[in-house]
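Structure first, commentary second.
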Amino acid sequence: MSNSTEPRSKTKKIIYKLCAAAFWISVWEAIALWAGNDIIICSPLAALKRLCELVTEPDFRSAAAFSSARILLGFFSALFAGIALAAVSGRFSAVRILLQPITSVIKATPVASFIILALIWFGSRNLSAFISFLMVFPVIYLNVLAGIDSTDPKLNEMAKIFRFGPKKTLLYVYFPQVLPFLRSGCSAALGLCWKSGIAAEVIGIPSGSVGEKLYRAKLYLETGDLLAWTAVIIAVSVIFEKLFMLVLKAVCRRLEAVGK
Amino acid sequence: MIVLKNIYKSFDGQRVLEDLSLEIPDGGRVAVMGRSGAGKTTLINIIMGLVKPDGGEVSVPKGTAFGAVFQEDRLIEGLSAAANCRLVVKDKSADVNGALSALGITEDLAEKPVFELSGGERRRVAVARAALSSPDVMVLDEPFKGIDSGTLPSVERFVNKASDRKTLILVTHSEEEADALGCKIFRI
């Protein structure tokens with residue numbers, strides 16, 4: 001019964017999603033028609049046309065690669081630092097207390113303040129990597145730490161009595177608790193790193209970046225360019241998020257399967 | 001030999017154990033009995049080194065391997081019954097499925113994740129795990145809790161056999177259980 005209804009409900013879901021997208025594109029088209037001015041807002045078709053032109057331009061790939069490489073560098077550095085420091089904080093409360101003000105300050109400070117400070121300290125070239133790191137680190141760190149904290153101390157006692165050792169304890173006591181927290185942390189952090197990284201580039205204007213293209217679009221009031229580059233950022237960020245979450249899911253499954 | 005001398009333990013200002021002394025010779029069988037909250041579980045946790053006493057001396061031979069059935073089952077929920085047992089097995093030739101089957105856990109049940117098992121089945125898996133860990137001392141905190149009366153004799157037989165020539169510390173409210181396992185009763 002469930003086998004026959006599942007594909008049908010999946011198709012239904014896809015149709016609903018397409019309808020929702022079509023609805024919002026129509027709203028965009030209606031606003032563009034009502035505004036009647038490409039500088040205020042261009043039509044979806046004009047944005048798509050500009051996007052197709054952009055893709056064929058010689059510096060499109062280099063700009064996308066420049067920004068993606070730095071933003072992903074920031075993301076992965078924060079991912080590893082967040083996991084490692086959460087593990088140390090889970091074990092040593094002194095480290096947790098030491099890091100608490102840092103994570104609170106990073107969370108509460110407007111990203112623009114960090115961007116301007118980092119611009120003064122490091123210049124603009126690798127600004128987006130630093131800002132992505134800064135935005136992702138507390139999310140990963142706090143999520144993984146919450147996962148560690150949620151681990152049942154009674155299972156830890158059991159592992160101690162049955163002489164599991166560090167490897168088995170990590171695999172069977174900590175991983176099942178921490179992995180869901182890590183997954184949700186990564187999902188939240190992935191959106192953040194692209195938004196903050198591109199914002200940093202728009203302020204710092206590093207030459208050859210997507211942020212620079214957005215800045216120029218703003219400067220010359222090229223709304224079509226602005227929307228086309230925005231679409232590129234959304235596409236790259238969504239593709240990376242899907243790929244990363246798939247890899248993470250596969251890693252989690254593999255880890256869970258080790259004990260079965 | 002396990003020796004406890006003049007043990008004191010309080011939790012949040014509430015005294016749980018007061019001037020408690022106990023000696024358990026190697027291969028000895030002791031049933032710790034007492035009313036709820038008397039400190040039975042605290043006592044076995046002190047013996048296993050999970051809780052530190054506020055005062056007194058605890059002497060447990062270095063390197064003593066404990067095999068425990070805790071008050072709660074403390075199984076790894078995502079793993080099957082057999083996998084939970086395999087995790088603690090030190091002797092590769094140990095017959096995990098044989099032990100589980102002696103406790104009425106069929107091969108089909110043994111391959112199911114433990115969260116799908118009933119309370120009594122989970123308890124029996126916990127008993128099998130304690131026995132399979134090749135312990136020097138078996139510490140069983142109400143091991144027959146939730147096991148139906150029809151299955152109980154076979155589980156008692158299993159524990160008796162598994163704890164043969166080993167030190168056994170049993171926490172129970174039932175004198176029949178203590179008798180069935182040939183334990184000397186220690187009341188607190």
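Predicted model only: the values in this text are computed from it and were never measured. Just so we're on the same page: letters track the sequence lines, and every chain starts at 1.
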Exercise. Compare all side-chain heavy atoms of B/F70 with those of A/K154 and state whether any distance is below 4.5 angstrom.
Key: no

Quiz item: Any donor-acceptor pair under 3.5 Å linking the side chain of A/R163 with the backbone of B/S133?
Solution: yes

Exercise. With rounding to the nearest 0.5 Å, note down the distance linking CD in B/E77 to OH in A/Y172.
Key: 15.5 Å

Quiz item: Non-hydrogen atoms of chain A under 4.5 Å away: do they reach the side chain of B/L87, the backbone, both or neither?
Solution: both

Quiz item: For the residue pair B/M48 and A/I161, what are the closest heavy atoms and their distance?
Solution: CB-CD1, 3.6 Å

Quiz item: Are there more than 12 heavy atoms of other residues, nucleotides or ligands under 6.0 Å from atom NZ of B/K166?
Solution: yes

Quiz item: More than 12 non-hydrogen atoms from neighbouring residues, nucleotides or ligands closer than 6.0 Å to NZ on A/K249, yes or no?
Solution: no

Self-check item: Greater than 12 external heavy atoms within 6.0 Å of A/K195's NZ
Solution: no

Quiz prompt | Side chains of B/I76 and A/M158 in contact at under 4.5 Å (non-hydrogen atoms) | solution = yes

Exercise. Assess whether atom NZ of A/K168 is packed by more than 12 heavy atoms of other residues, nucleotides or ligands within 6.0 Å.
Key: yes

Exercise. State the CD-CG distance between B/E72 and A/D152, to the nearest 0.5 angstrom.
Key: 8.0 Å

Quiz prompt | Under 4.5 Å from a heavy atom of chain A, the part of B/A65 involved | solution = both

Exercise. Go through the atoms of B/E111 and report whether side chain, backbone, both or neither lie under 4.5 Å from a heavy atom of chain A.
Key: neither

